[in-house]
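One structure below.
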Amino acid sequence: MTDAPLSIAVIGLGARARTWLQVIDESLDLRLAALCDPNPAARAAAAGHGAPCVATLPEALAHRPDAVLLCTPPTDRVAQVEACARAGAAILAEKPLADTLAEAARCVRLAEDAGVPLIVGLNFRYLAVTQAKRRLLRDGAVGTPEFGRFLYERWRDGTQPRLNKYPLTMPHPMLWEQSIHHFDLMRHVYATDAHRVMADTFNPSWSHYAGDTNVAALFEFENGMRLTYQGTWQGGLDRLDFDWRTDCTEGVVTQRDMFGDLAVGRRADGALTPVPLPDRRAWLDDAAGLLAAFVAGLRGTAPHQCTGRDHLHSLAMVEACIAASSRREPVWLEEFAALTLTEKEQT
Ligand SMILES: NC(=O)c1ccc[n+]([C@@H]2O[C@H](COP(=O)([O-])OP(=O)(O)OC[C@H]3O[C@@H](n4cnc5c(N)ncnc54)[C@H](O)[C@@H]3O)[C@@H](O)[C@H]2O)c1
């Protein structure tokens with residue numbers, strides 16, 4: 001592949017695509033090949049980006065993009081991945097890759113069979129705070145992590161015009177749309193996979209959403225680490241309360257803001273010491289980091305990150321929470337191995 005900008009088609013021009021279009025406009029590595037949305041109002045709103053705006057995926061693929069960015073709701077991804085794979089276009093799909101693990105596994109298989117890269121939009125991995133925390137834990141700054149607590153309490157008014165509407169009616173919107181980021185971060189930062197979960201999901205009486213917006217879970221990971229998780233979209237005041245703390249053999253690592261506020265302390269210290277982080281533009285720089293990694297993978301200058309195959313392990317945590325809550329018993333992630341592992345890994 002040459003150093004010339006790669007062409008990319010953006011499919012789905014809703015809330016998330018607005019961030020992506022700004023990031024792509026700023027990128028020297030990419031040029032827009034086409035924009036696509038069946039909704040004329042969404043096409044009209046994106047018209048200023050200087051690329052042809054079309055209504056269907058086949059019309060977008062007719063512009064022969066090197067890559068496709070799927071910014072559509074996760075409900076119909078198999079057909080979209082199949083069409084892109086047939087056209088030989090590399091795929092960057094927004095999380096979650098699909099709204100069931102089985103469909104996501106089908107997408108991964110389709111892309112693998114076609115030899116087309118399939119990457120998932122896990123932008124929070126590219127935050128400076130995530131990268132600094134991962135380094136601190138890997139380097140054993142305060143010893144080895146043994147347990148943690150992850151709290152995400154948000155009042156998400158799903159009726160606001162700026163927000164997408166499909167989560168209002170989807171089953172388990174918290175898990176599929178939000179907790180999937182958190183589960184991916186846990187696996188990424190702790191560099192291990194979950195192996196057992198106990199969980200309870202429910203919806204408060206005042207919820208805007210048809211599906212469950214509250215998730216309480218206790219995860220055990222393959223490295224022996226335990227983590228308690230509480231996530232809600234319908235709790236607290238009109239702000240986001242975020243608090244992710246990791247207890248290690250010699251002290252703690254805390255993160256009290258989704259985009260920063262990282263601190264570390266040894267057990268004997270009276271107070272936490274803030275970890276300096278570079279200034280970053282929330283949402284834009286993390287998306288730009290993800291895009292740069294996607295391009296590096298396509299050009300072969302770095303291994304692919306955030307692969308669809310890897311993402312299946314985070315989606316399995318979502319399905320394990322749903323199963324544990326409905327069965328009222330612990331669930332072992334092994335149950336999902338037929339979908340998450342390659343045939344070779346299963347033998
Ligand atoms: N990574 C993040 O931080 C982040 C943030 C927000 C949303 N997302 C993800 O981005 C994706 C889209 O979310 P959103 O908030 O933009 O939703 P949205 O509902 O605002 O926009 C989706 C758009 O896709 C269009 N669409 C539907 N079917 C289509 C099809 N077959 N072909 C082309 N366009 C189609 C719709 O008309 C709509 O304009 C979801 O997977 C969501 O989880 C990720």
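Order of listing sets the numbers, starting from 1, for every ligand and every atom in it. Along the sequence shown, the residues carry numbers beginning at 1.
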Check your understanding: Any sub-3.5 Å donor-acceptor pair from R43's side-chain atoms to D37's backbone N or O?
Key -> yes
**Study point:** Atom indices of ligand 1, in the order listed, that fall short of 4.0 Å to a heavy atom of E177
**Key:** 42 (C), 43 (O)
Point to revise | Nearest protein heavy atom with distance in Å, relative to atom 19 (O) of ligand 1 | key: N164 CB, 3.5 Å
Review point. Between Q131 and A128, is there a donor-acceptor pair closer than 3.5 Å when you use the side chain of the first and the backbone of the second?
Key: no
Check your understanding: For the salt bridge (Lys or Arg N to Asp or Glu O under 4.0 Å) test, which of R156, K95, R16 pairs with E177?
Key -> K95
Practice item. Report the part of Q178 in contact with ligand 1, treating N, CA, C, O as backbone and CB onward as side chain, heavy atoms under 4.0 Å; options are side chain, backbone, both, neither. Key: neither
Check your understanding: Is a donor on one side and an acceptor on the other found under 3.5 Å between the side chain of D184 and the backbone of H181?
Key -> no
Practice item. Measure the acute angle between the ring planes of F242 and W244, then classify it against the limits of 30° and 60° as parallel, tilted or perpendicular. Key: perpendicular
Review point. To the nearest 0.1 Å, how far is atom 35 (C) of ligand 1 from its closest protein heavy atom, and which atom is that?
Key: P38 CD, 3.4 Å
Revision key, fill the gap. Counting heavy atoms under 4.0 Å, the part of A15 that contacts ligand 1 is both
Review point. Any sub-3.5 Å donor-acceptor pair from N203's side-chain atoms to G211's backbone N or O?
Key: yes
**Study point:** Criterion side chain to side chain donor-acceptor pair (under 3.5 Å) on S179 and Y152, from CA distance to verdict
**Key:** CA-CA 9 Å; S179 307; Y152 180 97; over 6 Å; no
Check your understanding: For L57, is the nearest heavy atom under 4.0 Å from an atom of ligand 1?
Key -> no
Review point. Of all the non-hydrogen atoms in the protein, which one sits nearest to atom 44 (C) of ligand 1, and at what distance?
Key: E94 OE1, 3.1 Å
Exercise for review: Please say whether R77 places an N or O atom under 3.5 Å from an N or O atom belonging to ligand 1.
Suggested key: yes
Revision key, fill the gap. protein heavy-atom neighbour closest to atom 41 (O) of ligand 1 works out as K95 O, 2.8 Å
Check your understanding: When you measure from atom 28 (N) of ligand 1 to each heavy atom in P74, G121, P73, which option holds the nearest one?
Key -> P73
Review point. How far is atom 6 (C) of ligand 1 from its nearest protein heavy atom, and which residue and atom is that?
Key: R16 CD, 3.6 Å
Point to revise | Parallel, tilted or perpendicular, as decided by the 30° and 60° cut-offs, for the rings of Y229 and H182 | key: tilted
Review point. Closest non-hydrogen protein atom to atom 21 (O) of ligand 1, residue and atom name please, with distance?
Key: G14 CA, 3.2 Å
Practice item. Looking only at protein heavy atoms, identify the closest one to atom 11 (C) of ligand 1 and say how far it is in Å. Key: T72 O, 3.4 Å
Point to revise | Short N-O contact, R196 and E222, less than 4.0 angstrom | key: no
**Study point:** Heavy-atom gap R18 to ligand 1 smaller than 4.0 Å
**Key:** no
Check your understanding: Taking atom types as modelled, is there a side-chain donor on D25 or H49 under 3.5 Å from an acceptor on the other?
Key -> yes
Point to revise | Atom indices of ligand 1, in the order listed, that fall short of 4.0 Å to a heavy atom of Y166 | key: 13 (O), 17 (O), 19 (O), 40 (C), 41 (O), 42 (C), 43 (O)
Practice item. Evaluate the criterion side-chain contact (heavy atoms from CB on, under 4.5 Å) for residue pair F259 and V129; output intermediate values, then yes/no. Key: CA-CA 6 Å; F259 293 101; V129 65; 5.7 Å; no
Exercise for review: List every atom of ligand 1 that sits less than 4.0 Å from any heavy atom of I11, numbering the atoms from 1 in the order shown and giving each element.
Suggested key: 32 (N), 33 (C)
Practice item. Run down the list T75, D99, D37 and name the one with the heavy atom closest to atom 25 (C) of ligand 1. Key: D37
Check your understanding: For ligand 1, is any non-hydrogen atom under 4.0 Å from N123's backbone (N, CA, C, O), its side chain (CB onward), both, or neither?
Key -> side chain
Review point. What protein heavy atom is closest to atom 12 (C) of ligand 1, reported as residue, atom name and distance in Å?
Key: C71 O, 3.1 Å
**Study point:** Shortest non-hydrogen contact from C306 toward Y126
**Key:** SG-OH, 3.5 Å
Review point. Does W283 come within less than 4.0 angstrom of ligand 1, counting non-hydrogen atoms of the residue?
Key: yes
Check your understanding: Can you check whether K165 has an N/O within less than 3.5 Å of an N/O in ligand 1?
Key -> no
Practice item. May I ask whether L6 and L291 are part of the same hydrophobic cluster, defined by side-chain heavy atoms of I, L, V, M, F, W, Y residues being less than 4.5 angstrom apart, directly or through others? Key: yes
Point to revise | Within-cut-off N or O pair, F124 and ligand 1, under 3.5 Å | key: no
